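Inspection log for the structure reproduced underneath, given as structure tokens.
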Amino acid sequence: MISASSMSVLLVDDQTSIRSILRNTLAQIGFVQIAGVRNGVEALEHLKSNSVHLIISDFNMPDMDGLELLKAVRSNARTAKTGFIMLTGQASKELVQQAVAEGVNNFLAKPFTASSLKSRIEAVFGPISGA
């Protein structure tokens with residue numbers, strides 16, 4: 001079993017409120033190493049000097065969307081195996097299929113609960129312990 005407190009998470013969403021909700025929900029589950037950025041460009045900049053276990057990214061963002069970020073993460077040898085959960089509101093079937101083809105690990109529909117977030121993370125990493 002993996003401890004949530006030992007895992008680092010990068011939240012990528014242009015909406016401050018969504019990042020805040022995700023951060024608070026992850027903290028309830030037991031995560032403590034949580035960073036947040038506004039878009040894929042900022043995420044890639046963050047990843048240059050920080051390694052993370054999990055990226056939770058929105059699909060639709062300015063400058064670089066979640067699908068472009070996923071492609072960039074998967075094409076870099078250092079980040080290729082990083083867990084990646086795509087946050088979706090009303091993603092089209094085509095976008096979901098593209099994300100699967102690019103190697104997304106899981107999806108999380110908005111709105112979400114602590115239970116649904118934890119289950120999506122556990123589907124990627126196996127059981128996690130925490131609060």
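What you see is a predicted model, and the numbers here were worked out from it, not measured in a lab.
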Derivation of the side chain to side chain contact (heavy atoms under 4.5 Å, CB included) call for V9 and I121: CA-CA 11 Å; V9 182; I121 295 169; over 6 Å; no
Taken to the nearest 0.5 Å, the spacing of M64 CE from L69 CG works out to 6.5 Å
Under the rule for salt bridge (Lys or Arg N to Asp or Glu O under 4.0 Å), what residues qualify as partners of R120, not counting sequence neighbours? none
Sidechain-backbone polar pair: T25 side chain, I21 backbone, donor-acceptor under 3.5 Å: yes
Under 3.5 Å: donor-acceptor pair, side chain of R74, backbone of T82: yes
In Å and rounded to the nearest 0.5 Å, what is the NZ to CD1 distance from K110 to I18? 5.0 Å
Can you list the steps and then say if L117 with I56 is a side chain to side chain contact (heavy atoms under 4.5 Å, CB included)? CA-CA 10 Å; L117 177 57; I56 301 175; 4.0 Å; yes
Taking every non-hydrogen atom, the tightest pair across Q28 and A114: OE1-CB, 3.9 Å
Quick one: list whatever passes side chain to side chain donor-acceptor pair (under 3.5 Å) with D14, sequence neighbours left out. none
N76: which residues meet the side-chain contact (heavy atoms from CB on, under 4.5 Å) condition with it, sequence neighbours left out? R78, T79
With sequence neighbours left out, the residues meeting salt bridge (Lys or Arg N to Asp or Glu O under 4.0 Å) with D13 are none
Can you list the residues that meet the salt bridge (Lys or Arg N to Asp or Glu O under 4.0 Å) rule with E42, with sequence neighbours excluded? R38
Which distance, rounded to the nearest 0.5 Å, do you find between the NE2 of H53 and the CG of L10? 13.0 Å
Just list the side-chain donor-acceptor pairs under 3.5 Å for residues 94-104, sequence neighbours left out, or say none.
none

Starting at CG of L87, measure out to CD of Q15 and round the result to the nearest 0.5 Å. 9.5 Å
Who pairs with S6 by side chain to side chain donor-acceptor pair (under 3.5 Å), at least two apart in sequence or on another chain? none
What pair of heavy atoms forms the shortest contact from I2 to F125, and how long is it? CD1-O, 3.5 Å
Quick one: list whatever passes side chain to side chain donor-acceptor pair (under 3.5 Å) with E45, sequence neighbours left out. K48
My understanding is that only residues two or more places apart in sequence, or in another chain, count here; which of them pass side-chain contact (heavy atoms from CB on, under 4.5 Å) with Q33? S8
Between R23 and A35 the two heavy atoms that sit nearest each other are NH2-C, 4.0 Å
Hey, could you give me the CD1/CE distance between I128 and M1, rounded to the nearest 0.5 Å? 9.0 Å
Looking only at heavy atoms, what is the nearest atom pair of V124 and G83, with distance? CG1-CA, 4.2 Å
Side chain to side chain contact (heavy atoms under 4.5 Å, CB included) test vs I55 passes for just one of N105, I85, V12, namely V12
My understanding is that only residues two or more places apart in sequence, or in another chain, count here; which of them pass side-chain contact (heavy atoms from CB on, under 4.5 Å) with S5? S3, V32
Could you give the distance from OG (S129) to CD1 (I29), rounded to the nearest 0.5 Å? 12.0 Å
Main chain of F59, side chain of D65: is a donor-acceptor contact present, judged purely on distance under 3.5 Å? no
Under the salt bridge (Lys or Arg N to Asp or Glu O under 4.0 Å) test, residues paired with K81 that sit two or more places apart: none
Partner residues of D63 under the side-chain contact (heavy atoms from CB on, under 4.5 Å) criterion, sequence neighbours left out: N39, V41
Indicate the atoms forming the closest heavy-atom contact of V37 with R19, along with that distance. O-CD, 3.2 Å
